[in-house]
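For reference, the structure discussed in these notes is given below.
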Amino acid sequence: MFYISTLLQLLLSAAVASWSVSYYSRSICAFERSSVDFSCMFDCSDYHILKTKYWFKPEAHQKQDGSQVGISVYNSEAAKIHQLYKNRTAYANRDKNCSLQLHNVSKSDTGMYFFRFETYSSRGKYTGPGGINLRVAVLPFRVTVKTKKVNEHIHEGDSVTLTCSTENCTPTQEPFAWFKNQRLIPEATDSVLQITSVSHDDFGNYSCGLKNSSTTSADEILLDVRYSPKNVKIAILSSGNIQEGNSLTLICKSNANPAVTNYSWFMIKEANISYIGSDREFSIKSASQKDGGQYFCTAKNDMGSQNSTVTPLKVEVPSHRNFLLTATAVFLFLMAVLLMFVTVTEEIYENLRKSPESEENLTTYVTYVDLRLPSSTSDRPRCNSQDVIYSLLSYKD
Ligand SMILES: *[C@@H]1O[C@H](CO)[C@@H](O)[C@H](O)[C@H]1NC(C)=O
Ligand SMILES: *[C@@H]1O[C@H](CO)[C@@H](O)[C@H](O)[C@H]1NC(C)=O
Ligand SMILES: *[C@@H]1O[C@H](CO)[C@@H](O)[C@H](O)[C@H]1NC(C)=O
Ligand SMILES: *[C@@H]1O[C@H](CO)[C@@H](O)[C@H](O)[C@H]1NC(C)=O
Ligand SMILES: *[C@@H]1O[C@H](CO)[C@@H](O)[C@H](O)[C@H]1NC(C)=O
Ligand SMILES: *[C@@H]1O[C@H](CO)[C@@H](O)[C@H](O)[C@H]1NC(C)=O
Ligand SMILES: *[C@@H]1O[C@H](CO)[C@@H](O)[C@H](O)[C@H]1NC(C)=O
Ligand SMILES: *[C@@H]1O[C@H](CO)[C@@H](O)[C@H](O)[C@H]1NC(C)=O
């Protein structure tokens with residue numbers, strides 16, 4: 001009898017030794033409300049008849065290693081399924097397939113899950129060792145920024161890692177989406193966005209989410225890249241045209257982080273550079289010709305400084321003065337023409353005395369020119385009492 005019992009025990013342990021449960025993933029991170037698959041295959045010898053198959057979850061106060069059977073998530077005896085899991089599971093129930101789907105997961109589903117089967121033999125019970133660790137990611141997404149430096153500002157050239165994560169864990173099987181100032185960064189689809197050498201262009205607010213879902217992180221994070229002034233340039237504001245008498249303001253514009261603390265203005269005149277101001281704006285109340293010249297400004301912050309390009313400023317003469325000058329010029333020109341005209345007519349008058357032989361050569365084209373001579377200015381002899389001179393001009397073919 002002793003031998004038989006020992007033999008049976010040996011047979012049983014041999015059988016148990018071949019029993020197995022395989023979980024295809026040992027750790028799962030899932031979003032709230034999503035479904036998870038606990039993929040599983042099991043093996044037990046045909047020698048035993050299965051009584052129940054179930055998935056259980058140790059309760060919080062129990063050991064989490066599967067040595068204590070907790071609540072039934074799924075049970076082939078439906079009545080034993082815990083209230084929390086009723087109607088939320090789908091069991092494969094095909095041959096040796098023990099896969100379980102759990103729908104609409106919530107934070108309270110976090111924990112260890114084990115598959116177990118029991119036979120009619122009091123010792124023929126088996127729990128798949130190790131179990132599956134389910135963690136539930138709680139939205140919203142958060143962006144964290146990491147650099148090698150601790151408690152220091154991020155400077156250009158630094159290596160920066162932005163990580164998109166959710167509370168507890170971050171599911172990484174789905175493609176991610178990254179946004180900079182609310183605009184999608186198309187090439188970034190990982191939960192980690194690595195910038196090996198950060199530049200001032202990377203300065204901005206970042207957020208993340210899943211590729212084809214509208215859930216993005218609630219809070220944007222500022223990637224506060226510090227850089228010396230860039231694109232320093234001069235903008236000229238004027239009350240009208242840039243001309244004498246008008247007020248002018250030169251503004252030193254730049255892009256810097258942190259903001260520019262010191263501005264300097266310089267004027268170049270005949271190769272001499274003179275320092276002329278220290279504010280962001282350089283104002284000229286009433287422009288004059290001597291304000292014309294080449295200007296540049298320097299913007300400086302903690303990170304460094306940059307000079308603007310040299311900007312020429314040309315102060316024009318006001319247009320009403322231009323008009324006067326033009327009018328004067330036109331007037332003088334007209335006067336000159338008039339004087340010349342007088343001289344020419346007098347010459348014609350004199351040329352009217354022609355030699356007789358020239359009359360024979362006169363041909364067809366005769367033009368009558370009406371010349372009115374100035375009445376008083378000349379003391380030369382006049383032709384009759386009339387102011388009309390008939391001039392005979394010839395044209396030869
Ligand atoms: C599960 O579903 C059945 C029918 O589909 C329903 O009668 C039952 O109330 C549901 N139980 C729970 C806990 O939702
Ligand atoms: C087990 O069953 C599940 C659900 O029916 C199925 O998706 C899976 O492919 C099966 N596994 C194997 C190895 O057949
Ligand atoms: C999912 O579970 C939550 C509670 O955790 C419940 O409020 C919600 O109605 C469930 N959704 C579905 C589709 O069953
Ligand atoms: C980043 O977000 C803050 C707060 O919403 C906002 O004040 C700031 O202008 C944003 N910066 C950029 C570069 O969009
Ligand atoms: C994501 O996109 C795929 C294919 O375009 C679609 O089948 C799926 O339902 C989408 N998921 C979400 C959460 O929008
Ligand atoms: C910058 O400005 C601050 C205060 O306006 C002044 O104390 C400092 O000397 C200036 N630095 C330079 C380099 O001009
Ligand atoms: C330029 O500077 C030199 C030396 O300070 C001075 O002698 C010269 O007069 C200056 N020229 C002009 C046009 O201001
Ligand atoms: C900017 O201008 C200042 C003043 O003329 C000069 O001393 C400095 O060298 C200039 N810096 C650069 C980068 O050109």
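Just so it is clear, the model here is predicted, and its values are computed rather than measured. Both ligands and their constituent atoms are indexed starting at 1 by order of listing. Heads up: numbering here begins at 1 and tracks the sequence.
- Around atom 5 (O) of ligand 2, the closest heavy atom drawn from Met41, Arg94, Gln101 belongs to Arg94.
- Within a 4.0 Å radius of atom 9 (O) of ligand 8, the protein contributes no non-hydrogen atoms.
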Check the pair Cys98, Tyr91 against side-chain contact (heavy atoms from CB on, under 4.5 Å), reporting the backbone distance first and the verdict last.
CA-CA 7 Å; Cys98 49; Tyr91 182 68; 3.5 Å; yes
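- The nearest protein heavy atom to atom 2 (O) of ligand 2 is closer than 4.0 Å.
- When hydrogens are left out, the protein atom nearest atom 4 (C) of ligand 2 is Ala92 CB, 4.0 Å; that is the closest non-hydrogen contact.
- Relative ring orientation between Phe117 and Phe42 is described as tilted, the plane-to-plane angle lying within the 30° to 60° band.
- When each atom of ligand 4 is checked for a heavy atom of Asn181 under 4.0 Å away, the hits are 12 (C), 13 (C), 14 (O).
- Asn257 and Asp224 share a donor-acceptor pair across their side chains, judged by distance under 3.5 Å alone.
- Shortest contact from atom 14 (O) of ligand 8 to any protein heavy atom: Asn307 ND2, 3.2 Å.
- In this structure, Phe296 is part of the shell of residues with a heavy atom less than 4.0 angstrom from ligand 8.
- Among all non-hydrogen protein atoms, the one lying nearest atom 6 (C) of ligand 4 is Asn205 ND2, 4.1 Å.
- No side-chain N or O of Tyr227 forms a donor-acceptor pair with one of Asn301 less than 3.5 Å apart.
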Step by step, would you call Tyr85 with Trp55 a ring pair (Phe, Tyr, Trp, His ring centres under 6.0 Å)?
CA-CA 11 Å; Tyr85 292 95; Trp55 280 87; over 10 Å; no
Apply the test ring pair (Phe, Tyr, Trp, His ring centres under 6.0 Å) to residues Tyr74 and Tyr54: give CA-CA distance (whole Å), side-chain angles for both, the deciding distance (0.1 Å), then the verdict.
CA-CA 5 Å; Tyr74 164 80; Tyr54 58 101; 9.0 Å; no
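- A side-chain N or O of Lys53 and one of Asn93 form a donor-acceptor pair less than 3.5 Å apart.
- Applying the 4.0 Å criterion to heavy atoms of Asn97 picks out, from ligand 2, the atoms 1 (C), 2 (O), 3 (C), 8 (C), 10 (C), 11 (N), 12 (C), 14 (O).
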